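A short worksheet on the structure shown next.
What you see is a predicted model, and the numbers here were worked out from it, not measured in a lab.
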Amino acid sequence: MCNCIVIHEDIVAKVKEKMPKDELLYDLAELFKVFGDSTRIKILYALFEEEMCVCDIAALLGMTQSAISHQLRILKTSGLVKYRKEGKVVYYSLDDDHVKNIFAQGLIHINHK
């Protein structure tokens, strides 16, 4: 329980009016959970730099192709990465500039400390 004497009803009303629906905030929380895994962060960083295939990502991170594919599936489902096929090879990249901006802002924030 808050021990404050004054409740700033105007501020509370203003923020309450702008507060997104719970479902949207839930989806946002789920998106940020995806960023909570260091392997996925490494994959996102790699794709931030360059479009890559599973084999290249696996070699870069010293992991199996199966492990990378599993993480890419999660990133795809979350709308963070996309893919394109060139013959039998599948190339992955960040989905759009929004993902690049989220990642870049995260790096800026961490480096700012």
Side-chain angles (χ1 to χ4, degrees):
M1 181 95 184
C2 181
N3 291 327
C4 60
I5 298 169
V6 177
I7 296 176
H8 301 92
E9 292 181 19
D10 56 332
I11 293 172
V12 172
K14 178 181 172 184
V15 174
K16 189 174 186 174
E17 182 180 306
K18 292 183 178 185
M19 185 75 73
K21 294 185 188 242
D22 285 347
E23 296 83 20
L24 185 62
L25 294 175
Y26 175 81
D27 291 345
L28 183 60
E30 289 299 310
L31 173 67
F32 281 115
K33 281 182 188 178
V34 175
F35 288 97
D37 180 272
S38 61
T39 298
R40 289 192 290 266
I41 290 295
K42 289 175 185 177
I43 293 169
L44 288 170
Y45 183 82
L47 298 178
F48 183 80
E49 293 295 329
E50 192 73 43
E51 176 184 68
M52 298 177 79
C53 69
V54 174
C55 297
D56 291 342
I57 298 169
L60 174 70
L61 301 184
M63 298 176 68
T64 65
Q65 291 180 31
S66 175
I68 297 299
S69 292
H70 173 72
Q71 297 301 333
L72 283 168
R73 206 169 8 264
I74 293 169
L75 292 168
K76 248 187 343 187
T77 301
S78 300
L80 296 172
V81 301
K82 62 183 177 183
Y83 68 93
R84 69 175 181 85
K85 290 184 177 184
E86 192 172 291
K88 291 184 178 184
V89 181
V90 179
Y91 291 95
Y92 290 87
S93 61
L94 297 183
D95 188 64
D96 59 23
D97 286 340
H98 295 113
V99 178
K100 290 180 182 179
N101 291 335
I102 292 168
F103 201 80
Q105 289 299 315
L107 287 173
I108 290 168
H109 178 72
I110 295 301
N111 286 322
H112 178 69
K113 290 183 177 182

**OP:** Kindly check if the number of other-residue, nucleotide or ligand heavy atoms within 6.0 Å of CD (Glu9) is above 12?
**Re:** no
Original post:
Considering residues, nucleotides and ligands other than Leu24, do more than 12 of their heavy atoms fall under 6.0 Å from its CG?
Top reply: yes
**OP:** Kindly say whether Val99 contributes a backbone atom to a donor-acceptor pair with the side chain of Asp96 at under 3.5 angstrom?
**Re:** yes
**OP:** Could you tell me whether a side-chain N or O of Arg40 sits under 3.5 Å from a main-chain N or O of Val34, the two making a donor and an acceptor?
**Re:** yes
Original post:
Does a side-chain heavy-atom distance below 4.5 Å link Met19 with Lys16?
Top reply: no
Subject >> Pairwise side-chain contact, Phe103 with Leu80, heavy-atom cut-off 4.5 Å (strictly under) >> reply: no
Subject >> Derivation of the side-chain contact (heavy atoms from CB on, under 4.5 Å) call for Ile43 and Asp37 >> reply: CA-CA 10 Å; Ile43 293 169; Asp37 180 272; over 6 Å; no
Please report the interatomic distance [atom1]([X]) to [atom2]([Y]), rounded to the nearest 0.5 Å.
X     : Y     : atom1 : atom2 : result
Leu72 : Gln65 : CG    : CD    : 11.0 Å
Leu28 : Leu31 : CG    : CG    : 6.0 Å
Tyr92 : Ser69 : OH    : OG    : 6.0 Å
Lys42 : Ile68 : NZ    : CD1   : 9.5 Å
Tyr45 : Leu60 : OH    : CG    : 10.5 Å
Met52 : Ile57 : CE    : CD1   : 5.5 Å

Original post:
For Phe48 and Lys100, which heavy atoms make the closest approach, and how far apart are they?
Top reply: CE1-O, 3.5 Å
**OP:** Could you check Leu44 against Val81 for side-chain contact (heavy atoms from CB on, under 4.5 Å), going step by step and ending with a plain yes or no?
**Re:** CA-CA 8 Å; Leu44 288 170; Val81 301; 4.0 Å; yes
Subject >> Pairing residues for Lys76 by the salt bridge (Lys or Arg N to Asp or Glu O under 4.0 Å) criterion, not counting sequence neighbours >> reply: none
**OP:** Decide yes or no on side-chain contact (heavy atoms from CB on, under 4.5 Å) for Met63 and Gln71, but give the supporting numbers first.
**Re:** CA-CA 11 Å; Met63 298 176 68; Gln71 297 301 333; 5.6 Å; no
Subject >> Salt-bridge contact Glu17-Lys14 (side-chain N to carboxylate O under 4.0 Å) >> reply: no
Original post:
In the single-linkage hydrophobic clustering (I, L, V, M, F, W, Y; side-chain heavy atoms under 4.5 Å), do Tyr83 and Tyr91 co-cluster?
Top reply: no
